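None of the values given here were measured: they were computed from a predicted structure. When a residue number appears, it is its place in the shown sequence, counting from 1. Only heavy atoms go into these numbers, but all of them, side chains included; no hydrogens, no water, no symmetry mates.
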Amino acid sequence: MTWELEVFDRPATYHESLQEAHARLAPPEGVSGRLAELWTLAPKTGYPAFSRNMVWWPPMMPSHREAVAAHVLECLPWFMDSTDGQVEVVAALAHNDGPVGIATVSTIVIGMGHQLPAQRALAADAIITLAAYGELPAADLGRAVGHMVRGEQVKLNRITGILDEVTEAGAHAEVWTALAQAVPLLLPGPGEKARAGLGELLKVAVRAAVRAGARGDIPRLAELAARKGSSLLIHEARRLYEVISA
């Protein structure tokens, strides 16, 4: 399995983003026939894949969580503004077995970005479940968050709210590991305007870092913390810098 951000032309009726997260699958050696079809996946332009029955996919391949997630990632983004959600499949994946990596956590990020709080709660449940079993690839989660927010596939304020909930639920170490990867991707570079809502995300990062006893360095954080101003972003950047540099 491989994962990357890609740009596709989509019909006007679909949610448009600068970039989309996609996973590609190739069959393992020795697998052929109809079984190989489950292990073959390449994203297509135009109309995306679509299914209202994704909740049944994890039981079909209960020991191959990451492979199922790759297929889910082709369909789930198009339900982010839908009332029927489909994020149940994300919670179901968390209870499956087998490898879990960036495809799985990318589906979680999509769920975190759903417009309905009840659907976002299912994504939070998936994070907590994986963290409880010691199976959450938190660094991959952070990479997915950073890249998918930058690509405008998901909204930062929805992601921040779920990460805050998960921190309060006790997964602060995992949230910090994730944000240590996501924050550098989201901090403004030279000449860039700060992303709306970034100050709230840094507030969650501060809370998670304090509870996790985190120390370390985040690229460009020191420069942001040294800026003059009293905005929430600057204030939280200073707090985070002080916490992880103590």
Rounded distance [0.5 Å steps], CG in Leu136 versus CD1 in Ile108: 6.5 Å
Atom of Pro99, atom of Ser63 and distance for their closest heavy-atom approach: CD-O, 4.1 Å
State plainly whether one hydrophobic cluster holds both Leu224 and Val243, where clusters connect Ile, Leu, Val, Met, Phe, Trp and Tyr through side-chain heavy atoms under 4.5 angstrom apart. yes
Test log, rule side chain to side chain contact (heavy atoms under 4.5 Å, CB included), inputs Leu73 and Trp3: CA-CA 11 Å; Leu73 193 55; Trp3 182 93; 4.2 Å; yes
Evaluate the side-chain proximity of Glu168 to Arg211: yes if any heavy-atom separation is below 4.5 Å, no if none is. yes
Between Ile102 and Pro137, is any pair of side-chain heavy atoms under 4.5 Å apart? no
Distance col, row Ile162:CD1 vs Asn157:CG, nearest 0.5 angstrom, shows 11.0 Å
Could you state whether Ile128 and Val87 fall into the same hydrophobic cluster, counting links through intermediate Ile, Leu, Val, Met, Phe, Trp or Tyr residues with side-chain heavy atoms under 4.5 angstrom apart? yes
What do the steps show when you test Asp217 against Ile244 for side chain to side chain contact (heavy atoms under 4.5 Å, CB included), and what is the final call? CA-CA 7 Å; Asp217 177 62; Ile244 64 177; 5.9 Å; no
Under 30°, 30 to 60°, or over 60°: which ring-plane class applies to Trp39 and His64, parallel, tilted or perpendicular? perpendicular
Just how far is it from atom CD of Gln86 to atom SG of Cys75, taken to the nearest 0.5 Å? 9.0 Å
Hey, is the main chain of Ala21 close enough, under 3.5 Å, to the side chain of Gln153 for a donor-acceptor pair? yes
Could you state the interatomic distance from CE (Met1) to CZ (Arg24), rounded to the nearest 0.5 Å? 12.0 Å
Nearest-0.5 Å distance that lies between atom CE in Met112 and atom CD1 in Ile110: 10.5 Å
Hey, quick one: are Val55 and Met80 part of the same hydrophobic cluster, counting side-chain heavy atoms closer than 4.5 Å, chains of contacts allowed? no
Between Glu174 (side chain) and Ala138 (backbone), is there a donor-acceptor pair under 3.5 Å? no
Under a 3.5 Å distance rule, please check whether Arg65 uses its side chain to pair with a backbone N or O of Val100 as donor and acceptor. no
Hydrophobic clusters here meaning ILVMFWY residues chained together by side-chain heavy-atom distances under 4.5 Å, can you tell me if Ile159 and Leu233 are in one? yes
Heavy-atom closest pair, residues Ala208 and Val175: CB-CG1, 3.9 Å
When you look at His95 and Asp125, which way does the side chain to side chain contact (heavy atoms under 4.5 Å, CB included) test go after all the steps? CA-CA 10 Å; His95 292 278; Asp125 177 72; 4.3 Å; yes
Any side-chain donor-acceptor pair under 3.5 Å between Thr104 and Glu66? yes
Closest heavy-atom contact between Val145 and Ala182? CG1-CB, 4.1 Å
4.5 Å side-chain heavy-atom contact, Phe79 and Gln119: no
Do the side chains of Val31 and Met60 join up, straight or via other hydrophobic residues, at under 4.5 Å, putting them in one cluster? yes
Please report, to 0.1 Å, the donor-acceptor pairs under 3.5 Å made by any side chain of residues 184-197, with sequence neighbours excluded.
from: Glu192; atom 1: OE1; to: Gly189; atom 2: N; distance (Å): 2.7

Under a 3.5 Å distance rule, please check whether Thr107 uses its side chain to pair with a backbone N or O of Val90 as donor and acceptor. no
Are the side chain of His114 and the backbone of Ser82 linked by a donor-acceptor contact shorter than 3.5 Å? yes
Taking every non-hydrogen atom, the tightest pair across Gly111 and Ala123: C-CB, 3.6 Å
Looking only at atom types and distance, does a side-chain atom of Arg238 sit under 3.5 Å from a main-chain N or O of Ala225, one as donor and one as acceptor? yes
Report the distance from atom CG of Leu130 to atom CG of Asn96, rounding to the nearest 0.5 Å. 10.5 Å
Does any N or O in the side chain of His235 come within less than 3.5 Å of the main-chain N or O of Gly199, such that one atom is a donor and the other an acceptor? no
For Gly46 and Pro11, which heavy atoms make the closest approach, and how far apart are they? O-CD, 3.5 Å
Can you confirm whether the side chains of Glu74 and His22 place a donor and an acceptor under 3.5 Å from each other? yes
Looking at Ala67 and Met61, what are the two nearest heavy atoms and their distance? CB-CE, 4.2 Å
Lys203/Asp164 ion pair, N-O < 4.0 Å: no
Can you list the residues that meet the side-chain contact (heavy atoms from CB on, under 4.5 Å) rule with Gln115, with sequence neighbours excluded? Asp81, Arg158
Pair Glu236 + Arg207: basic N to acidic O under 4.0 Å: no
Side chain to side chain contact (heavy atoms under 4.5 Å, CB included), paired with Leu240, selected from Val210, Leu202, Leu179: Leu202
Centroid-to-centroid, Phe8 to Tyr47, below 6.0 Å? no
Under a 4.0 Å N-O cut-off, is there an ion pair linking Arg10 with Glu20? yes
